[in-house]
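Residue numbers start from 1 in every chain, and the chains themselves are labelled A, B, ... in the order their sequence lines are given, proteins ahead of strands. Just so you know, these numbers come straight off a predicted model, no measurement behind them.
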Amino acid sequence: MDYNFQDIEKKWRAFWAENKTFRAEDNSTKPKFYVLDMFPYPSGAGLHVGHPLGYIASDIYARYKRLQGFNVLHPMGYDSFGLPAEQYAIQTGQHPAVTTKTNIEGGVDNQGNKIAGYRNQLDIMGFSFDWDREVRTSSPDYYKWTQWIFKQLYNSYYDTTADKAQSIDVLIAEFSTNGNTKVNATNDCDITFSAEEWKAFSEKRKEEILQMYRLTFLADSWVNWCPALGTVLANDEVVNGVSERGGHPVEQKLMRQWSMRIKAYAERLLTGLDTIDWTDSIKDQQRNWIGKSVGCSVRFEVAFDSASVAFDSAQSTNEMKVSERSRRAEIEVFTTRPDTIYGVSFMVLAPEHPLVDEITTAEFAAGVAEYKKQASLKSERDRQADVKNITGQNTGAFAIHPFTGEKVQIWIGDYVLASYGTGAVMAVPCGDQRDWEFATHFGIEIINIFEGKDISEGAYTEKDAVIANSDFLNGLPAPKAIKLAIYEIEKRGIGKGKTQYRLRDAVFSRQRYWGEPFPVYYKDETPYLVDDKHLPITLPEVDKYLPTEDGEPPLARAEKSAWNHFEGDRMEYNTMPGWAGSSWYFLRYMDPKNDNEFVAKEKVDYWQNVDLYIGGSEHATGHLLYARFWTKFLYDLGYVPFDEPFKKLINQGMILGRSSFVYMVYITYTVEVDSEVKEVVDDKIFFFSRNPYLEENSEDFQKLIERREQVRKNINFEGYQSLPITHLPMRVDISLVDNDVLNLDLFKKTYKYKELTKNKEVEFILEEDGTYICGHEVEKMSKSKYNVQTPDELVEKFGADTLRMYEMFLGPLEQAKPWDTKGINGVHNFLRKFWRLFNIDESGNAQLSNDAPSKEALKTLHKTIKKVGDDLDRFSFNTGVSNFMICANELTDQKCNNKQILEELVVLLSPYAPHVCEELWVKLGNEAGTLSYAKFPEFNEAHLVEANIAYPVSFNGKMRFKIELPTALTPKEVEAEVLAFDQTQKYLEGNTPKKVIVVPGKIVNVVM
RNA sequence: GCGGAUGUGGUGAAAUUGGUAGACACGCUAGACUUAGGAUCUAGUGCCGCGAGGUGUGUGGGUUCGAGUCCCUCCAUCCGCACCA
């Protein structure tokens, strides 16, 4: 009986669903194992073959762990809030909840297109998900708890002494007893107050101050504003100055926004990386994003001497105030190289630095104003792109060097960023290349403080120099000098040792409809939290999904009655960003239906963190960082017993599309109609298999030349016309192409080229065998490129087991690879071959031998058990498939139909090809549905031991022949046998061997 | 510029600890068979050479009895970050 995969797969999928075969138990004595995929955003386009790659790998691993006796949690859900559904809603008026439901469950969209549905597409792959645990971030049952976590963050601050988050009540109590002078907390508060002052503050003022401490807070901050999307974006959602989604320009705007004080966790996010098993590349990306630098702050006093200051004559009241303050100002800088402080010959402030106007002298006021204007006009992107162009402007002011007491010039320059450190630097041209270039460009003094280093061609930036010319630092190597300099700076009270992070607090509000509403209302424009008993605050209905006319977010359109809970003057109009729901979803799977807690303590205590997480590397600085942050926070509050969410992370490589091209080739000429010159396309159009210019001497190319002469005659042109030949590559849908051969009939019938060629003669330039070969290019798989391969078609044609194994066989999981179906037959044939081993007769019974298995069959089996097991342990799924093929080939050669051997193999193969294995498992006489919990075969080395071994013998490292010797021989005996062997003399060529190296069981090398 | 990764036949790739380079599969060549099936079976297939043999893992060097694997140099491609003081 043939391998009828369609019936088999259908049958077992139904069986698994009906019997809930893959349900994970919360109360189990078995050890747990948590295998998680990054959940998908359910888009209308559906899944292509790239999406399931990671899911297949994780499913194989989950099934493997079940066979090893683990209680496996392997859930799936949907990250279902997001932009595409909202934009579709704006265009069509359809509620995003409806679109989202259709995209998940299948159906017809409101333009009549059939949607397969994510769930159906996932189901046909035979994944062993426990669907009873499904979560959707856009479901109120789920986002109730996203809102609840937000509230916990709001009610917490970061205590830097205890190095953990604490209740904000602790802080309020401290304010009431001691004010804020003794508080050690991560904050943005730049004022100090006493207990009495605190008590005297109004409620509104108190809340304003608390906002500067809370872990999520409302503040006016410079944000990435994307006008096209009408919303702000987090730093990780902005790539090269444009939005990650859609590629729209992004500008800086000062707005009142919710933020997450992720900065508080910078150090723990950094050190935590050392405890988890992720790739170096992702860890480095996170380290880079956090951007820790160790150094110290130093304050330079501004030298206000009467002669040089601008505002003696200035009228501004603001400046008058400064003048009244007895004109004292300090510039604080951050440096990682305090050892080079004697090399400071000037200072540079960011153009936006608040002190700039205050210190600029009259002489330079116009220049500074002009420079500031230029800088503000440049976008962030332009400023970054324009690195080579050195620009700057002297302010005319001076600072006093804190050690030498000398005056150094103060400049402004846009290479200093307002957003990093203090927005000011002490410039050390001998030790920093940018400072060196700046000094050289503007002719500022360069002081060399490195012993014996030449700085005439550039700065010396290594930290291995000895410091000179620097008073108390003289003669010290840089690392020691750094320590001493910090000590001295602190002693003199002009700064202190400090660690700086590049990590910014994360903007947490979006001016969108399709996201979680905040559990927040306003009274007198002061935010208050909604009480837990009113959660979730559900999304209110609105008339349109667009911002209001005054630029308020879409939720501002909601009537008061549209809110399920309304309090105060108004509710919060912003919604949460996409990463809110995905920052904790892995916890909800443990307890998805709990209505009283986000996850019950005993469940999270049992399941712990994710043992294996598989997903794309594009989330390196977004989701993966935020999820770690929230986990650490929930750990601090005692809700979860671990502070890293994902123990091991594997990033599957992207599957790229292979686009096919046809090349339209035609001649153009110009004609004058009513004194207007028009370009005309010739009446004949050629379709070439490839660029004809690549083969200019070919026969086919001659056809073009002839045609051109024809055209030349036809149009009867006067004067010179070059008659250019246009070569236009056009994508064709890959469904019309099989191994680069174009289905010409179908192409002619269906393709859009008709419009372009109507009323024209068309000639296809064919290969010698009459086929038309398409060109191809590897690029991202996308609908617009006509190169999408859906899993559905392949499952239909070859079966899910074949597709699962083929995607694994393609290459290492982590590697990016172009999609190509050329090899799929090989994998399909393997499964047929495997099926044939069972000798299944027409009535569907397996004809197997019950005898004791042969020695060689046992050897094949145990070799395979060992290799496949090892491959699974190191996530080498591609070699696993190879090993199954080798095994099937060997058993076929051995004509093995031994029941005992085949039964173990069925278990071994079942993680990769679950459907066919279930079928065979039952044919072997086992109970339906028990395969998933069978025992993974045990490897027995005894079956691999052979009496003889074929030693490869090499001479000076070159392998010459093999010699069959008993395994038990000692190296000495092997050496003797080899030297006595006939062929040895031939390869010795009369030399006496100097040495013979015998690696037992491996190789013999004769050194001459 | 900095960081990470990769480089092996016509193609996808394998070689886990330094020990027979190219397993497995696709493709291709030749043949067999037939219930004409995206079958099956046999033989071959890195390159050069009729052959003996030579040569071969991006380049050049080194360590070693032995290097795809370790070290150094350079080249190419991909990814991430990028005036971060």
Side-chain angles (χ1 to χ4, degrees), chain A residues 2 239-240 279-289 291-293 295 333-337 340 348 383-390 413-417 419-428 431-435 437-438 500-502 617-618 620-621 651 653-654 738-739 797-798 806 809-812 814-818 820-830 832-833 836 867 870-871 873-874 876 878-889 892 950-962 993-999 1001-1008:
Chain A
D2 280 348
V239 178
N240 293 331
T279 60
D280 288 341
S281 142
I282 297 277
K283 285 188 183 181
D284 273 348
Q285 281 181 54
Q286 293 213 346
R287 286 193 189 105
N288 207 312
W289 191 258
K292 179 180 181 173
S293 30
V333 299
F334 173 76
T335 178
T336 55
R337 295 295 303 273
T340 63
V348 187
R383 258 168 90 160
Q384 283 174 10
D386 199 15
V387 174
K388 286 198 187 95
N389 213 349
I390 297 158
D414 66 6
Y415 81 95
V416 176
L417 306 177
S419 58
Y420 183 74
T422 59
V425 300
M426 57 175 228
V428 184
D432 182 289
Q433 189 58 28
R434 292 152 309 171
D435 295 346
E437 277 161 14
F438 196 89
Q500 190 79 38
Y501 299 94
R502 189 148 67 226
S617 57
E618 66 272 21
T621 48
N651 300 115
M654 205 186 339
D738 186 15
N739 285 342
K797 242 174 168 176
F798 297 99
Y806 181 58
F809 189 58
L810 232 38
E814 296 92 332
Q815 210 168 84
K817 47 216 154 211
D820 191 342
T821 45
K822 275 182 190 158
I824 198 163
N825 272 320
V827 175
H828 190 62
N829 289 343
F830 154 75
R832 297 164 54 101
K833 201 171 201 172
R836 273 201 305 274
K867 289 201 162 173
D870 286 354
D871 286 342
D873 287 335
R874 64 194 176 102
S876 179
N878 54 329
T879 52
V881 177
S882 300
N883 283 316
F884 281 118
M885 290 173 169
I886 293 168
C887 174
N889 291 346
T892 302
Y951 271 101
V953 179
S954 50
F955 292 78
N956 283 345
K958 273 196 174 51
M959 212 283 283
R960 295 300 184 181
F961 57 83
K962 287 181 188 172
K994 284 197 192 113
K995 197 163 39 159
V996 178
I997 286 161
V998 177
V999 183
K1002 282 266 165 73
I1003 198 171
V1004 179
N1005 190 18
V1006 182
V1007 187
M1008 301 186 291

Open item on the list: Looking at U17(B), I'd like to know if its phosphate oxygens (OP1 or OP2) sit under 4.0 Å from a side-chain N or O belonging to Arg874(A).
Closed with: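 So the side-chain polar atoms of Arg874(A) never come under 4.0 Å of the phosphate oxygens OP1 or OP2 of U17(B).
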
TODO: Using a 4.0 Å heavy-atom cut-off across all strands, classify Ser882(A) as base, sugar-phosphate, or nothing.
DONE: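 Base contact.
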
Task: Between A85(B) (P) and Gln433(A) (CD): distance, integer Å - done: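 About 15 Å, once rounded to whole Å.
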
Open item on the list: Using whole Å, what does the distance between atom P of nucleotide U6(B) and atom CG of Asp280(A) come to?
Closed with: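 Distance check: Asp280(A) CG to U6(B) P gives 10 Å.
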
Task: Separation of atom CG in Asn829(A) from atom P in A39(B), rounded to whole Å - done: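 Roughly 6 Å, once rounded to whole Å.
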
Task: Touch class at under 4.0 angstrom, heavy-atom based, for Val1007(A) against every strand present - done: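 Here Val1007(A) touches the backbone only, sparing every base.
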
Open item on the list: Is it the case that the side chain of Tyr951(A) and the backbone of Lys962(A) share a donor-acceptor pair, with hydrogens and angles ignored and the cut-off at 3.5 Å?
Closed with: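 Not confirmed, Tyr951(A) side chain does not pair with Lys962(A) backbone.
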
Task: Val428(A) vs Arg337(A) side-chain heavy atoms within contact, under 4.5 Å - done: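 A side-chain contact under 4.5 Å is absent here.
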
Task: Nearest listed nucleotide, side chain of Arg836(A), among U40(B), A25(B), U55(B) - done: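 So the side chain of Arg836(A) is nearest to U40(B).
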
TODO: Would you indicate which nucleotide in C26(B), G4(B), A23(B) comes nearest to any side-chain atom of Ile886(A)?
DONE: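 Of the candidates, A23(B) comes closest.
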
Open item on the list: Give me the distance, rounded to whole Å, that separates A36(B) from G31(B) when you measure between the P atoms they each carry.
Closed with: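 My reading of the P atoms in A36(B) and G31(B) gives 23 Å.
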
Task: N or O in side chain of Ser293(A) less than 4.0 angstrom from A85(B) OP1/OP2 - done: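 For A85(B), OP1 or OP2 has a side-chain N or O of Ser293(A) closer than 4.0 Å.
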
Open item on the list: Over all strands shown, is Arg287(A) touching base, sugar-phosphate only, or nothing at heavy-atom distances under 4.0 angstrom?
Closed with: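 The residue Arg287(A) makes no contact with any strand.
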
- [ ] Give a yes-or-no answer on whether the side chains of Lys995(A) and Asn1005(A) include a donor-acceptor pair shorter than 3.5 Å.
- [x]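 Result is no, nothing qualifies.
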
- [ ] State, yes or no, whether a side-chain contact exists between Glu437(A) and Tyr415(A) at a heavy-atom distance under 4.5 Å.
- [x]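 No, every pair of side-chain atoms sits at 4.5 Å or beyond.
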
- [ ] Decide yes or no for Val1004(A) and Ile997(A): does some side-chain heavy atom of the first lie under 4.5 Å from some side-chain heavy atom of the second?
- [x]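 No, side chains not in contact.
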
Task: Ion pair Asp284(A)/Arg287(A), N-O distance below 4.0 Å - done: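 Salt bridge present between Asp284(A) and Arg287(A).
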
Open item on the list: Please classify the nucleic acid contact of Asp2(A) as base, sugar-phosphate, or nothing, using heavy-atom distances under 4.0 Å.
Closed with: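 Nothing, no nucleic acid heavy atom in range.
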
Open item on the list: Roughly how many Å apart are C81(B) and C47(B), using the C1' atom of each and rounding to a whole number?
Closed with: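 Roughly 42 Å separates the two C1' atoms.
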
- [ ] Find the distance Asp870(A):CG to A23(B):P and express it as a whole number of Å.
- [x]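 The distance from CG of Asp870(A) to P of A23(B) comes to 21 Å, rounded to the nearest Å.
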
Open item on the list: Would you measure the distance from the P atom in A39(B) across to the matching atom in C50(B) and give it in whole Å?
Closed with: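 Straight-line distance between the two P atoms is 36 Å.
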
Open item on the list: Given the structure, check if the side chain of Asn288(A) and the base of C81(B) hold any donor-acceptor pair shorter than 3.5 Å.
Closed with: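 In this structure, the two groups form no donor-acceptor pair.
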
Open item on the list: So does Tyr420(A) get a backbone contact from the side chain of Arg502(A), meaning a donor-acceptor N/O pair under 3.5 Å?
Closed with: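 No.
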
Open item on the list: If you only use heavy atoms from C-beta on, which nucleotide in G4(B), G19(B), U16(B) is closest to the side chain of Asp284(A)?
Closed with: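 Nearest to the side-chain atoms of Asp284(A), counting from C-beta on, is G4(B).
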
- [ ] Measure the acute angle between the ring planes of His828(A) and Phe798(A), then classify it against the limits of 30° and 60° as parallel, tilted or perpendicular.
- [x]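 Ring orientation, 0 to 90° scale: perpendicular.
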
Open item on the list: Once you apply a heavy-atom cut-off of 4.0 Å, does Ile997(A) come out as touching a base, just sugar-phosphate, or nothing?
Closed with: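 The residue Ile997(A) makes base contact.
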
Open item on the list: When the C1' atoms of A67(B) and G56(B) are compared, how many Å lie between them, rounded to an integer?
Closed with: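 Result for the C1' pair: 14 Å, nearest Å.
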
Open item on the list: Under 4.0 Å, counting only non-hydrogen atoms across every strand here, what does Pro818(A) touch: a base, just sugar-phosphate, or nothing?
Closed with: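 No contact.
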
TODO: Determine the interatomic distance between C1' on G68(B) and the same-named atom on G58(B); round to the nearest Å.
DONE: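 Between the two C1' atoms, the distance is 12 Å.
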
- [ ] Could you measure between the two C1' atoms, the one in A76(B) and the one in U57(B), and give it in whole Å?
- [x]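 My reading of the C1' atoms in A76(B) and U57(B) gives 16 Å.
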
Open item on the list: So, applying side chain to side chain contact (heavy atoms under 4.5 Å, CB included) with Val416(A), which one of Thr422(A), Val333(A), Val425(A) is it?
Closed with: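 Per the side chain to side chain contact (heavy atoms under 4.5 Å, CB included) rule, the option paired with Val416(A) is Val425(A), out of Thr422(A), Val333(A), Val425(A).
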
Task: Polar pair under 3.5 Å, donor/acceptor by atom type, side chain Lys797(A), base G38(B) - done: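 When only heavy-atom distances are counted, Lys797(A) does reach the base of G38(B) through a donor-acceptor pair under 3.5 Å.
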
TODO: Could you state the atom-to-atom distance from CG of Asp820(A) to C1' of G12(B) in whole Å?
DONE: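 These atoms are roughly 8 Å apart.
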
Open item on the list: Looking at Asn878(A), I'd like to know whether one of its side-chain N or O atoms comes within less than 4.0 Å of OP1 or OP2 on G12(B).
Closed with: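 Result: no.
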
Open item on the list: Nearest whole Å is fine: how far is U11(B) P from Lys817(A) NZ?
Closed with: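 Taking atom P of U11(B) as the reference, NZ of Lys817(A) is at 18 Å.
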
- [ ] Assess whether one donor atom and one acceptor atom, taken from the side chain of Lys962(A) and the base of U20(B), lie less than 3.5 Å apart.
- [x]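 Indeed there is one.
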
- [ ] To the nearest Å, give me how far apart CD (Glu437(A)) and P (G1(B)) are.
- [x]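 That distance rounds to 13 Å.
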
Open item on the list: Check the phosphate of A25(B) against Asn889(A), side-chain N and O only, distance under 4.0 Å to OP1 or OP2. Yes or no?
Closed with: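 True: Asn889(A) side-chain N/O within range (under 4.0 Å) of A25(B) OP1/OP2.
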
Open item on the list: With a 4.0 Å cutoff (strictly under), does any side-chain N or O of Gln815(A) reach OP1 or OP2 of C78(B)?
Closed with: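 Gln815(A) to C78(B) OP1/OP2: no side-chain N or O under 4.0 Å.
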
- [ ] Please work out if Lys867(A) contacts a base, only the sugar-phosphate, or nothing of the nucleic acid, heavy-atom cut-off 4.0 Å.
- [x]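 No contact at all - Lys867(A) keeps every heavy atom at 4.0 Å or more from the nucleic acid.
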
TODO: In whole angstrom, give me the gap between the C1' atoms of U16(B) and C2(B).
DONE: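 My reading of the C1' atoms in U16(B) and C2(B) gives 32 Å.
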
Task: Side chains of Val348(A) and Arg434(A) in contact at under 4.5 Å (non-hydrogen atoms) - done: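 No, every pair of side-chain atoms sits at 4.5 Å or beyond.
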
- [ ] Look at the side-chain N and O atoms of Arg960(A) and state whether any lies under 4.0 Å from the OP1 or OP2 oxygen of A52(B).
- [x]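 No, no such contact exists.
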
Task: Inter-nucleotide P distance (G60(B), G9(B)), Å rounded - done: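 Nearest-Å result for G60(B) against G9(B) at atom P: 15 Å.
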
Task: Stem list, RNA chain B (Watson-Crick or G-U pairing under 3.5 Å, at least 3 consecutive pairs) - done: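 When the pairs of RNA chain B are grouped into runs of at least three, the stems are B:1-7 with B:75-81, B:10-12 with B:24-26, B:27-32 with B:40-45, B:46-48 with B:53-55, B:60-62 with B:70-72.
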
TODO: Round to a whole Å and report the spacing from CZ of Phe830(A) to P of C26(B).
DONE: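 Taking CZ of Phe830(A) and P of C26(B), I get 13 Å after rounding.
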
Open item on the list: Classify Asn1005(A) by what it touches in the nucleic acid, base, sugar-phosphate, or nothing, heavy-atom distance under 4.0 Å.
Closed with: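 If one applies the 4.0 Å heavy-atom cut-off, Asn1005(A) turns out to touch a base.
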
